[in-house]
Amino acid sequence: MFSLWRISRSILFFRERRLSPITRRRLANFKANRRGYISLWIFLVLFLFSLFSEFIANDKPLVVHYKGDTYFPIFSTYSEQTFGGEFQTEADYRDPYVKDLINEEGWILWPLIPYSYTTINYDLPQPAPSPPTLDNWLGTDDQGRDVLARVIYGFRISVVFGLTLTLISSLVGIAAGAIQGYFGGWIDLGLQRFIEIWSGLPQLFLFITLAAIIEPSFWLILSLMLLFQWMALVGVVRAEFLRVRNFDYIRAARALGVRDSTIIVRHALPNAMVSALTFLPFILNGSITTLTALDFLGFGLPAGSPSLGELLQQGKSNLQAPWLGFTAFAVIALMLSLLIFVGEAVRDAFDPRKLLG
């Protein structure tokens, strides 16, 4: 483990040596913000942890060894007859009868949390929602599902949704802002008037209306939010392009006959990306918050999906079960706080005053 750490540090060292001086200075400024730098690592560890949710929280065993053969139920489906049972349907590994059959001729390796986000625990000490126990570390919700398992899966969905929406909307917004700022004139005027009208539409009410008409899904909600989220970076990128389009090197490139697309991508865009990158963590924050709000209102992901907003709604509806609200609040507050701290560190990294200091 220590050798792997030294190898990774050496790779980072050699990579940093090949970077430009200004990039190395920005990395140094980012690391100097200890709160943001540590928050980035914590967020990455949590996100990587959630990417392997099926191996951490699942109602199917990781490995089953039966009569000398090894099975991987987490990847494949096996019938009950495979383990000496009577039915041809998929084996229910939580059934005591199936457990006894396997343990007589082999062994079972379970995940750390033997529950998936849809698994209902029928052996609760009291009616659901039940408080935290050694079996359900954060208790269960009002349907008897393990809260910790739903939090792990819900964290992954929220981050993946936010990252996807931020990436696509940023690409569209940067392209629109670049076209506006570089060409100016009627193109800039027309797009600016369109953005003013489009941004004035009641977004939340449109989401709720469409969600009531069309069955919501991950990609549908992503598409609906993309219709408005792309405007977040247009103003920043447009302002940068308006500023640099009359610089001498831009005018010289035009005089030499360089194509507009080449000038935009190679010469003008790097200046605008400094401001755009500073806003990305905050846009990601807003994307996650919007999804959580829609799930809380009941117009977000399909029913049964692991959702932090749905867990908040359960906490509101079950005040006698405070662990639901406290868990949802703690996870959302931690996730958004980490992203805010990372955003502050990115802002410091690209601050020209710190570069001069």
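The analysis underlying the following values was restricted to heavy atoms, covering all of them including side chains, and did not include hydrogens, waters or symmetry mates. Note that the structure is predicted; figures quoted are calculated from it, not measured.
Closest non-hydrogen pair, Met225 versus Ser287, comes out as CE-O, 3.9 Å. Scanning all heavy atoms of the two residues, the minimum distance from Val346 to Pro281 falls at CG2-CG, 4.3 Å. When every heavy atom of Asn33 is checked against every heavy atom of Ala345, the shortest pair comes out as ND2-CA, 3.6 Å. What you find for Asp295 and Leu301 is that their closest heavy atoms are OD1-N, 2.7 Å. The two residues Ile152 and Ser50 make their nearest non-hydrogen contact at O-CB, 3.9 Å. Across all their heavy atoms, Ser158 and Leu308 have their closest contact at OG-CD1, 3.9 Å.
Between the side chain of Ser305 and the backbone N or O of Pro302, at least one donor-acceptor pair lies under 3.5 Å. For the pair Tyr153 (side chain) and Ala57 (backbone), a donor-acceptor distance under 3.5 Å is present. In this structure, the side chain of Ser76 does not engage the main chain of Pro73 through any donor-acceptor pair within 3.5 Å. Here the side chain of Ser317 pairs no donor or acceptor atom with the backbone of Gln314 at under 3.5 angstrom. The backbone N or O of Pro114 lies less than 3.5 Å from a partner atom in the side chain of Arg94, making a donor-acceptor pair. Between the side chain of Ser217 and the main chain of Leu220, a donor-acceptor pair closer than 3.5 Å is present. Formation of a donor-acceptor pair under 3.5 Å by the Asp95 side chain with backbone atoms of Tyr97 is found in this model. Judged by distance alone, with hydrogens and angles left aside, the side-chain atoms of Trp198 form a donor-acceptor pair with the main-chain N or O of Leu227 at under 3.5 Å. Under a 3.5 Å cut-off, the side chain of Ser130 and the backbone N or O of Gln126 do not form any donor-acceptor pair. Judged by distance alone, with hydrogens and angles left aside, the side-chain atoms of Tyr66 form no donor-acceptor pair with the main-chain N or O of Ile102 at under 3.5 Å.
Annotation: cation-pi pair Arg254/Tyr182 present, NZ/CZ under 6.0 Å from the ring centroid and within 45° of its normal.
In this structure, the side chains of Phe55 and Leu62 come closer than 4.5 Å at one or more pairs of heavy atoms. Contact check for Phe161 versus Ile288: no side-chain heavy atoms found under the 4.5 Å cut-off. With contacts defined as side-chain heavy-atom distances shorter than 4.5 Å, the pair Ile74/Pro61 does not qualify. In this structure, Ile157 and Ser307 have side chains that are not in contact, with every pair of non-hydrogen atoms separated by 4.5 Å or more. Looking at Leu46 and Ile42, their side chains come closer than 4.5 Å, going by heavy atoms from C-beta outward. For the pair Val63/Ile108, no side-chain contact is recorded, criterion being any heavy-atom separation below 4.5 Å from C-beta on. A 4.5 Å side-chain heavy-atom check between Asn136 and Val147 finds every atom pair outside the cut-off. At least one side-chain heavy atom of Ser169 sits less than 4.5 Å from a side-chain heavy atom of Leu226.
Ring planes of Tyr71 and Tyr78: perpendicular class, angle over 60° (limits at 30 and 60°). Between Tyr93 and Trp110, the ring planes lie perpendicular to each other; the angle is over 60°, past the 30° to 60° tilted range. Classification of the Phe43-Phe47 ring pair by plane angle, with boundaries at 30° and 60°, yields parallel.
Atom CZ in Arg150 sits 9.0 Å away from atom OG in Ser116 (nearest 0.5 Å). Taken to the nearest 0.5 Å, the CG atom of Leu291 stands 14.0 Å off from the CZ atom of Phe296. Rounded to the nearest 0.5 Å, atoms CG (Leu224) and OG1 (Thr290) are 12.5 Å apart. In this structure, CG on Asp141 lies 12.5 Å from CD on Gln313, to the nearest 0.5 angstrom. Taken to the nearest 0.5 Å, the CG atom of Asn285 stands 4.5 Å off from the CD1 atom of Ile340. One distance of note links CD1 of Ile174 with CD1 of Ile264; it measures 13.0 Å at 0.5 Å rounding.
Glu86 and Gln81 are not linked by any side-chain donor-acceptor pair at a separation below 3.5 angstrom, with hydrogens and angles left out of the test.
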### Task
Check step by step if side-chain contact (heavy atoms from CB on, under 4.5 Å) holds for Phe183 and Asp188.
CA-CA 7 Å; Phe183 293 103; Asp188 181 32; over 6 Å; no
### Task
Assess whether side-chain contact (heavy atoms from CB on, under 4.5 Å) is satisfied between Phe326 and Trp323, documenting all intermediate values.
CA-CA 5 Å; Phe326 287 152; Trp323 57 88; 5.7 Å; no
### Task
Evaluate side-chain contact (heavy atoms from CB on, under 4.5 Å) for Glu80 paired with Gln88, printing each intermediate quantity in order.
CA-CA 6 Å; Glu80 186 177 304; Gln88 295 181 355; over 6 Å; no
### Asn29/Asp348 under side-chain hydrogen bond (donor to acceptor under 3.5 Å, both in side chains): CA gap, chis, key distance, verdict
CA-CA 6 Å; Asn29 286 338; Asp348 291 345; over 6 Å; no
### Query
side-chain contact (heavy atoms from CB on, under 4.5 Å) between Leu269 and Phe241: does it pass, once the steps are laid out?
CA-CA 8 Å; Leu269 186 59; Phe241 269 80; 4.2 Å; yes
### Message
The test is salt bridge (charged side-chain N to carboxylate O under 4.0 Å, His left out); show your working for Glu54 and Arg156 and say whether it passes.
### Response
CA-CA 11 Å; Glu54 286 78 9; Arg156 181 176 66 179; 2.9 Å; yes
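Cluster annotation: Val244 is connected to Val258 through the hydrophobic network of ILVMFWY side chains, with a link wherever side-chain heavy atoms come within less than 4.5 Å. Grouping the Ile, Leu, Val, Met, Phe, Trp and Tyr side chains by contacts below 4.5 angstrom, directly or via other members, places Phe49 with Ile332. Leu242 and Tyr249 end up in different hydrophobic clusters when Ile, Leu, Val, Met, Phe, Trp and Tyr side chains are linked at under 4.5 Å. Note on Val234 and Trp186: separate hydrophobic clusters, where clusters join Ile, Leu, Val, Met, Phe, Trp and Tyr whose side-chain heavy atoms are under 4.5 Å apart, directly or indirectly. A single hydrophobic cluster is seen to contain both Val151 and Leu48, as judged by linkage of ILVMFWY side chains at heavy-atom distances under 4.5 Å, directly or through other members.
Within a 6.0 Å sphere centred on CZ of Arg259, heavy atoms belonging to other residues, nucleotides or ligands number 12 at most.
Each of Thr133, Asp146, Asp135 was compared with Asn121 under the side-chain hydrogen bond (donor to acceptor under 3.5 Å, both in side chains) criterion, and only Asp135 meets it.
You'll find the ring centres of Phe341 and Phe30 outside the 6.0 Å limit.
Look at Glu104 and Lys99 and you find no salt bridge, because none of the NZ, NE, NH1 or NH2 atoms lies under 4.0 Å from a carboxylate O. Comment: Glu310 engages Arg145 in a salt bridge, judged by a side-chain N to carboxylate O separation of less than 4.0 angstrom.
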